[in-house]
Amino acid sequence: MKARDLETAWHNAERDSRTALNSVTKAEGELNTANGARKEMAQKLVEAQSGEARRQQVQADLTKLEVIEKQVGQAAELQQAFDEDAKNEASATKVLSEAVDTRERLQSRRGATDLALDQVRKTEAERGKLKIGLVEVNRELVKAAAHAKANGAVAEAKRKVEAVSSELATKTEAAQAADAALVETEARLSHTQAIILAEKLTEGAPCPVCGSHDHPTPAHGTPEQSGLTEAFRGAQAQARTAAEARVRAESELGSCRTQLDEKKRALEEQERPERTLAELEAELARLEGTIDALGEAVDLDAMAEQLADLKRKVTEAETAEAKARTAAGQAATTLAASRAKHDTVVGALPEGLHTPEAVVARRDALQHEQSQLYQALELAIQGDRLASEALTRAQEQLEAAKRARDAQAQRAEKAKGDFGARLAGVELDVARYEACKVHFPTYDADHKTVTDHRESLIAARTTWQNARAVCGDRERPDLVPLQLALDNATQELNAANDAFSTARTDVSSLAKFKESLAEALAETERLETETGPLRGLAELANGKNDFKMTLETFAIGAMFDQVLEAANMRLDPMTRGRYRLTRALEASGGRGKRGLEIDVFDINTGKARSSTAISGGETFIAALALALGLADVVESLSGKIRMDTIFIDEGFGSLDTENGAGTLDQVLQVLAALTEGNRTVGLISHVGLVQEAIPQGFYVRSTPSGSQVEERRGLG
């Protein structure tokens, strides 16, 4: 049997032994429980047997109750009147409770709608940001696609150059072979002609070729009789055809390299994207998913109208609650008077027996108690018997569990011994066996790997032996000199071809550039003539005018005038008509854009001064007036945009008070007037007069355990 199986049997036996031990513990607990139950039931039996006196007392109370029942009937009429008043009071209380529930429900809906409106505003703002990001990603995606296309065109041009270069090498080899064949054919033809001429030479006669009378080494041999001239002409034609093919290949290679250069220039002109296509597509998918996750767009105006309607309903519910509270108070007063009369009449009756129902309930309770006393005695006797039986069964189960525990312990000890004997038989100890266990899951795969390697090794050795047998009686040629000569010739040929192609390409490019430059110059002159008025208009719009002001600044200044006019309507009551904001046409100190700075006109002095030359309090008032004026202009220009909330954090400490009637008071009056409309004003301040002027708000107090918010209500 394998050691792994013996180890499993050992662990299973130990697990069963632990289970049997748990069974013994459980049986002992059940025995203790049964013993406790037996003692408890014995105690209950003693208590039930001692209840005879109580049973006699219950019988006497039943006899007295018959007399009391006749006296209770006299209070029936008073009870009816009291019940009617109680019904009226309960009805008024119910109406009040419903009014409170309605008011709380409406307040809860108002709060939830307010929170939802705020969340929707945040969501729509987030949607706007995401859409802007989406447009930017799409723009980058177009650039990245164009760059990738240009990059692919360069790669395709490179592949074409490589293919044409390979074809040129093939054509060059063919031309060289044709030239060699032509030289050989020409040599054969010349040798044959020399033999024929040598046969016609005569000693002392001049040679018909060179005119010499001496013929020291005339050609010898047998002349070939036919086919030499045709072979020579054929070799000439083949050499000429191969040379033309090589020239065409060189021309095509130059054209391909020109195209490659053009593609590279086009790629360099492309703007390199900051992110790859995959990253941009992932970002695009993420933005679209985020926008989809935001859900459909919500009508903010409709939600604002719903919130206003809920506020109105809350006010109506609060009025209804006050009316219901008054009615409930009146009903409670009437009920109290009726209760006093009823209590006076029935005060003489025994405690708890003032109504026929109470008497009946008391009689039923006594009869029930009497029945329970008899039943308790019987149940105690029966429970004592059952507890004795349960104790006996628990003792028997404990003995059986102990026997099972001992048997499982013996089985576990035997399994452990078998496992140890098996380890000893294979010369292993427990530590080495545990170290080998990590290889059990991969044993089959490891065995297959070793087998496959052994088979691959045998195949490789066979291949090596076969190759050695084939090459055993052969001599290896010396290829190094030949290879060096071939490499040198190839390099020289390639260098010459490259120089030739480069020169042709340069000539062609310069000719084309000359033509395109002439066309561009002509087109430039034509465009300058046609666009003269437009360029003059563009210069005016870009600030090259008498005012040195751009069209954008002029348009913003026109809108700025509207904002300043609306701000002056807010500033006038806060400064008692002393100050007015105007737009400065000249930039101060070279800072800012011309025509977009603010001057403050002082009515008292009749002069305007820079906004930087006013006090801190005046600066705060001017900034507040500008914020309110900007909100008024935005709302007037776009009916769908509502700026109904403004928060002001500090700044009031810089305003003079003049015993409560200074600039601070004027500012607070203007802010209070805003709240009379549909706007909400939130103030954050440590100034006491500002806190007194706030109708309702919160204190934020710092404590050792952290900040705490405390609600407060102002004098208003």
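Numbering starts at 1 and runs along the sequence shown. Bear in mind the structure is a predicted one, so any value in this text is a computation, not a measurement. For the numbers below, each heavy atom of this structure counts, side chains included, while hydrogens, waters and symmetry mates do not.
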Reported [atom1]-to-[atom2] distance for the pair [X] and [Y], which is rounded to 0.5 angstrom:
X: Lys160; Y: Ser165; atom1: NZ; atom2: OG; value: 12.0 Å
X: Gln562; Y: Leu630; atom1: CD; atom2: CG; value: 11.0 Å
X: Asp498; Y: Leu253; atom1: CG; atom2: CG; value: 7.5 Å
X: Thr582; Y: Ile598; atom1: OG1; atom2: CD1; value: 9.0 Å
X: Thr505; Y: Phe500; atom1: OG1; atom2: CZ; value: 9.5 Å

Specify the closest pair of heavy atoms between [X] and [Y], including all atoms of both residues, with the distance to one decimal.
X: Ala242; Y: Ala175; value: CB-CA, 3.5 Å
X: Val154; Y: Lys263; value: CG2-O, 3.3 Å
X: Ala235; Y: Thr185; value: CB-OG1, 4.0 Å
X: Leu168; Y: Arg246; value: CD1-O, 3.6 Å

Taking salt bridge (charged side-chain N to carboxylate O under 4.0 Å, His left out) as the cut-off, I'd like each qualifying pair that reaches into residues 169-185, sequence neighbours left out, listed once.
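Passing the test, one end in residues 169-185: Glu167-Lys171.
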Tell me, please, which residues at least two apart from Asp506 pass salt bridge (charged side-chain N to carboxylate O under 4.0 Å, His left out).
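In terms of salt bridge (charged side-chain N to carboxylate O under 4.0 Å, His left out), with neighbours along the sequence ignored, Asp506 is linked to no residue.
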Salt bridge (charged side-chain N to carboxylate O under 4.0 Å, His left out) against Glu140, all qualifying residues, sequence neighbours excluded:
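Once residues adjacent in sequence are excluded, the partners of Glu140 under the salt bridge (charged side-chain N to carboxylate O under 4.0 Å, His left out) criterion are Arg275.
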With sequence neighbours excluded, tell me which residues meet side chain to side chain contact (heavy atoms under 4.5 Å, CB included) with [X].
X: Ser501; value: Arg257
X: Ala567; value: Leu581, Ala625, Leu626
X: Glu565; value: Arg580
X: Glu156; value: Arg159

Contacts under 3.5 angstrom, residues 520-529 side chains, donor-acceptor by atom type, not counting sequence neighbours:
{"residue": "Glu523", "atom": "OE1", "partner": "Arg526", "partner atom": "NE", "Å": "3.2"}
{"residue": "Glu523", "atom": "OE1", "partner": "Arg526", "partner atom": "NH2", "Å": "3.3"}
{"residue": "Glu523", "atom": "OE2", "partner": "Arg526", "partner atom": "NH2", "Å": "2.1"}
{"residue": "Thr524", "atom": "OG1", "partner": "Ala520", "partner atom": "O", "Å": "2.7"}
{"residue": "Arg526", "atom": "NH1", "partner": "Glu530", "partner atom": "OE1", "Å": "3.0"}
{"residue": "Arg526", "atom": "NH1", "partner": "Glu530", "partner atom": "OE2", "Å": "2.7"}
{"residue": "Thr529", "atom": "OG1", "partner": "Glu525", "partner atom": "O", "Å": "2.9"}

Using atom types as modelled and distance alone, determine if a side-chain donor or acceptor of Ser508 lies under 3.5 Å from a backbone N or O of Arg504.
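Between the backbone of Arg504 and the side chain of Ser508 there is no qualifying donor-acceptor contact (under 3.5 Å).
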When you measure from the side chain of Thr258 to the backbone N and O of Gly254, does any donor-acceptor pair fall under 3.5 Å?
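A pair under 3.5 Å: yes.
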Name every donor-acceptor pair, under 3.5 Å, that has one atom in a side chain of residues 454-462 and the other anywhere in the protein, sequence neighbours excluded.
{"residue": "Ser456", "atom": "OG", "partner": "Asp452", "partner atom": "O", "Å": "3.0"}
{"residue": "Thr462", "atom": "OG1", "partner": "Ile458", "partner atom": "O", "Å": "2.9"}

Start with the C-alpha distance between Glu250 and Asn497, add both sets of side-chain angles, then the distance that settles side chain to side chain contact (heavy atoms under 4.5 Å, CB included), and finish with yes or no.
CA-CA 7 Å; Glu250 290 174 350; Asn497 290 333; 2.9 Å; yes
Answer yes when Lys122 and Asp118 have at least one side-chain N-carboxylate O distance shorter than 4.0 Å, and no when they do not.
yes
Can you give me every donor-acceptor pair (side chain of residues 277-298, partner residue at least two apart or in another chain, under 3.5 Å) with its distance?
{"residue": "Glu279", "atom": "OE1", "partner": "Thr276", "partner atom": "N", "Å": "3.2"}
{"residue": "Glu283", "atom": "OE1", "partner": "Arg286", "partner atom": "NE", "Å": "3.2"}
{"residue": "Glu283", "atom": "OE2", "partner": "Arg286", "partner atom": "NH2", "Å": "2.7"}
{"residue": "Thr290", "atom": "OG1", "partner": "Arg286", "partner atom": "O", "Å": "2.7"}

For residues 482-491, please give each side-chain donor-acceptor pair under 3.5 Å, one per line with the distance, not counting sequence neighbours.
{"residue": "Gln483", "atom": "NE2", "partner": "Asp487", "partner atom": "OD1", "Å": "2.9"}
{"residue": "Asn488", "atom": "ND2", "partner": "Leu484", "partner atom": "O", "Å": "3.1"}
{"residue": "Thr490", "atom": "OG1", "partner": "Leu486", "partner atom": "O", "Å": "2.7"}

Evaluation steps, side chain to side chain contact (heavy atoms under 4.5 Å, CB included), between Lys158 and Lys264:
CA-CA 10 Å; Lys158 286 182 178 179; Lys264 287 182 177 179; 3.9 Å; yes
Pairs involving residues 144-153, ordered by first then second residue, that meet side chain to side chain donor-acceptor pair (under 3.5 Å) (sequence neighbours left out)
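Qualifying pairs, neighbours excluded: none.
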Going by heavy atoms in the side chains, are Gln176 and Leu493 under 4.5 Å from each other?
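Yes; the side chains approach each other to less than 4.5 Å.
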